[in-house]
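Some notes on the structure that comes next.
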There are 2 protein chains.
Amino acid sequence: MRYFATLCRLGHFGHAADISAISQPALSMQIKKLEEELGTPLIERSAKSFILTRFGHEFLTQCHKILGDVDTIELMARAAQHQEIAALNLGIIPTIAPYLLPQVLTTLAHHHPELDIKVRESQTTNLVKDIHDGTLDIAVLALPLGDQHLEETLMFQEDFVLVRPVHAKNMPIPAPSSFAKLPWLLLEEGHCFRDQALAFCQPDVNERRRHDASSLSTLVQMVQADLGITLIPEMAIDLETRSTTVDIVRFDTDTPKRDIGVIWRKSSPLAHSFAKITETLSTAMQR
Amino acid sequence: MRYFATLCRLGHFGHAADISAISQPALSMQIKKLEEELGTPLIERSAKSFILTRFGHEFLTQCHKILGDVDTIELMARAAQHQEIAALNLGIIPTIAPYLLPQVLTTLAHHHPELDIKVRESQTTNLVKDIHDGTLDIAVLALPLGDQHLEETLMFQEDFVLVRPVHAKNMPIPAPSSFAKLPWLLLEEGHCFRDQALAFCQPDVNERRRHDASSLSTLVQMVQADLGITLIPEMAIDLETRSTTVDIVRFDTDTPKRDIGVIWRKSSPLAHSFAKITETLSTAMQR
DNA sequence: TATTTTTGATAAGAAATACTTATGATAAAC
DNA sequence: GTTTATCATAAGTATTTCTTATCAAAAATA
């Protein structure tokens with residue numbers, strides 16, 4: 001098709017062949033073959049020149065369109081090669097999002113101004129699925145996951161704190177041996193934070209027959225209403241106790257914690273970029 | 001690109017290879033080669049499956065566009081093969097057009113109802129040029145031309161008649177020997193009819209220093225105004241004497257005539273169609 | 001945990017395709 | 001009438017694509 005377009009432009013087999021960097025017979029043969037494959041002549045040959053047939057004109061138009069689109073591919077490919085990632089689909093779990101997202105977005109916007117960031121907030125299993133099928137590029141969540149296809153990079157560790165009603169302010173820190181009997185309030189199923197809290201509190205199975213909360217914010221409000229006690233991650237303290245009055249207690253020993261980090265597909269050709277972005281985030285999060 | 005589009009559709013190298021009617025290694029190799037040529041990975045391979053890279057998605061979109069356009073070519077080519085000519089660019093000289101065109105168009109519309117006809121009226125040299133460069137398909141004009149690239153088909157012959165002022169009505173038919181001295185009125189240069197008339201009348205070069213007319217209609221009006229005498233083709237008599245009063249005289253011997261026919265490029269792939277159309281016209285013109 | 005199955009990649013040789021050089025044919029230009 | 005310009009043809013070569021056979025890795029199964 002490129003040969004044909006050149007031939008039409010120059011109206012001369014020899015010159016078109018030169019431009020196409022092939023020999024004149026090669027070009028003649030290709031045009032002839034084209035006509036055979038199409039089952040219709042493209043040009044009407046005369047002694048020293050030729051004119052396009054009606055179909056030849058239609059075909060040429062289509063050629064220009066197609067060759068233009070092919071050239072566009074080349075441009076796109078070159079852009080894709082040189083480009084340091086232009087869009088970032090970022091996932092984040094609900095027990096991190098409200099507290100860390102502002103800082104994350106600010107940091108990214110500062111270090112990667114052109115980056116078009118889209119955020120999806122969902123629970124770990126959904127995020128992992130989306131990472132695998134390419135819907136998400138990276139996700140901020142609690143590690144470890146142990147998925148061998150995913151790169152896991154730890155950003156920081158954070159402690160959990162005990163939240164109890166204000167009237168318990170001067171009571172001693174409960175000992176692990178008493179945990180089972182305490183009125184623990186938990187997040188609903190699916191939140192990794194629920195599992196992390198469960199592993200720490202190990203509440204009596206019979207004891208906890210209350211409604212599970214759908215957010216940390218709700219949990220704290222339930223504590224304030226004296227429905228029980230709970231754990232929240234340290235990063236949530238500031239925001240969640242701003243409009244409530246509860247007692248926050250840090251554990252002395254065996255402090256419960258979680259690891260917060262970033263994941264992405266090891267196989268992604270952008271893995272290197274993701275690592276760099278994560279490094280940026282990690283540094284900013286230390287503060 | 002077709003392989004790639006199929007691969008994306010099925011998400012499976014083996015199946016895509018089957019559909020593409022090639023072996024699985026062949027498909028793997030072609031995809032790999034594509035990626036090499038583009039300089040960017042199209043898919044992110046994992047153990048038993050793959051997902052498209054960002055560029056892979058862009059490329060796929062472009063592939064669909066291009067492959068669609070290529071498929072269109074196939075349709076166009078098939079249409080071009082089976083089609084009995086859909087559009088006809090017809091040329092006709094000014095000394096025929098006013099008298100024959102209505103009949104020509106009626107005949108064509110009757111025998112080839114779907115034919116999209118475009119008419120161009122111009123002098124022989126222009127028509128021949130347009131025939132050569134493909135602007136026109138066929139032309140109705142006076143033969144012969146003697147162009148070996150053109151097919152010439154005679155439709156009919158027609159006589160020229162003498163047009164003189166009414167007051168000459170009872171005068172004898174002028175003898176050829178007296179022609180040189182007669183006040184001949186002629187068409188302007190470029191009209192083949194002028195040359196045909198000239199060849200017959202052979203007027204004295206000094207004698208004819210009047211303005212040449214740009215149409216037969218004007219010639220007849222000039223005769224009526226007693227500016228001289230002229231020749232017109234038989235087919236023009238009816239129309240041109242309808243609103244004028246002049247004397248029409250047929251010659252007894254050595255009657256001047258012209259051959260009217262149709263031409264087209266011998267090399268045109270539609271030559272056969274043109275011949276058929278001409279036959280239709282020819283039959284209709286006999287009447 | 002070991003075995004089988006699934007899936008895509010690799011290797012080597014075969015088939016198909018595109019290209020090159022040399023030559024021919026034809027009509028236009030001189 | 002000779003030369004020139006132009007495209008087509010022919011034969012052989014180079015390149016590309018494909019095939020079969022085999023491999024490697026991970027997932028599914030026993």
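Values reported hereafter were calculated over all heavy atoms of this structure, with side chains retained and with hydrogens, waters and symmetry mates removed. Here the structure is a predicted model, which is why all the values come from computation and not from measurement. Proteins get letters first, then strands, A, B, ... in listed order; numbering begins at 1 in each.
Rounded to whole Å, the distance from CD on A:Gln30 to C1' on C:dC19 is 9 Å. Remark: P of C:dC19 and CG of A:Asp18 are 15 Å apart, rounded to the nearest angstrom. Following rounding to the nearest Å, A:Leu34 (CG) and D:dA8 (P) show an atom-to-atom distance of 13 Å. Atom-to-atom, CG of A:Leu27 to P of C:dT21 comes out at 15 Å; the value is rounded to the nearest Å. Remark: C1' of D:dT15 and CD of B:Glu37 are 13 Å apart, rounded to the nearest angstrom. One interatomic measurement links the two molecules: CD1 of A:Ile31 to P of D:dT6, which rounds to 17 Å at whole-angstrom precision. Atom CD1 of B:Ile51 and atom P of C:dG8 are 14 Å apart (whole Å). Per the geometry, CZ belonging to B:Arg2 stands 14 Å off P belonging to D:dC18, to the nearest Å.
Looking only at distances, a side-chain donor or acceptor of A:Arg194 sits under 3.5 Å from a matching main-chain atom of A:Leu187.
Remark: B:Glu58 engages no residue in a salt bridge (charged side-chain N to carboxylate O under 4.0 Å, His left out) (not counting sequence neighbours). Applying the salt bridge (charged side-chain N to carboxylate O under 4.0 Å, His left out) rule to B:Glu151 yields no partners; only residues at least two apart in sequence or on another chain are considered. The salt bridge (charged side-chain N to carboxylate O under 4.0 Å, His left out) check on B:Lys118 picks up nothing, with sequence neighbours excluded.
At a threshold of 4.5 Å between non-hydrogen side-chain atoms, the residues B:Arg54 and A:Asp137 count as touching.
Between A:Glu35 and A:Leu42, the closest heavy-atom pair is OE2-N, 2.7 Å. Here the shortest heavy-atom pairing between B:Ser214 and B:Glu188 reads CB-OE2, 3.4 Å.
Between D:dC7 and A:His12, a contact under 4.0 Å exists linking OP1 or OP2 to a side-chain N or O.
Where B:Ser46 and A:Ile22 meet DNA chain C, the nucleotide closest to each residue was compared, and B:Ser46 sits on the side nearer the 5' end.
Checking each of A:Leu154, A:Ile138, A:Leu143 against A:Val262 for a side-chain contact (heavy atoms from CB on, under 4.5 Å) leaves exactly one that passes, namely A:Ile138.
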Look for any protein N or O under 3.5 Å of an N or O in nucleotides 25-30 of chain C and output each such pair with its distance, or none.
unit_1	atom_1	unit_2	atom_2	d
C:dA28	OP1	B:His149	NE2	3.1
C:dA28	OP2	B:Gln148	NE2	3.2

Atom pairs, protein N/O to nucleotides 9-12 of chain C N/O, distance under 3.5 Å:
unit_1	atom_1	unit_2	atom_2	d
C:dA9	OP1	B:Arg45	NH1	2.5
C:dA9	OP2	B:Ser28	OG	2.7
C:dA9	N7	B:Gln24	NE2	3.0
C:dA9	N6	B:Gln24	OE1	3.2
C:dT10	OP2	B:Lys32	NZ	3.2

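Among residue pairs with one or both ends in residues 265-280 of chain A, those qualifying as salt bridge (charged side-chain N to carboxylate O under 4.0 Å, His left out) are A:Glu84-A:Lys276, A:Arg265-B:Glu44; sequence neighbours excluded.
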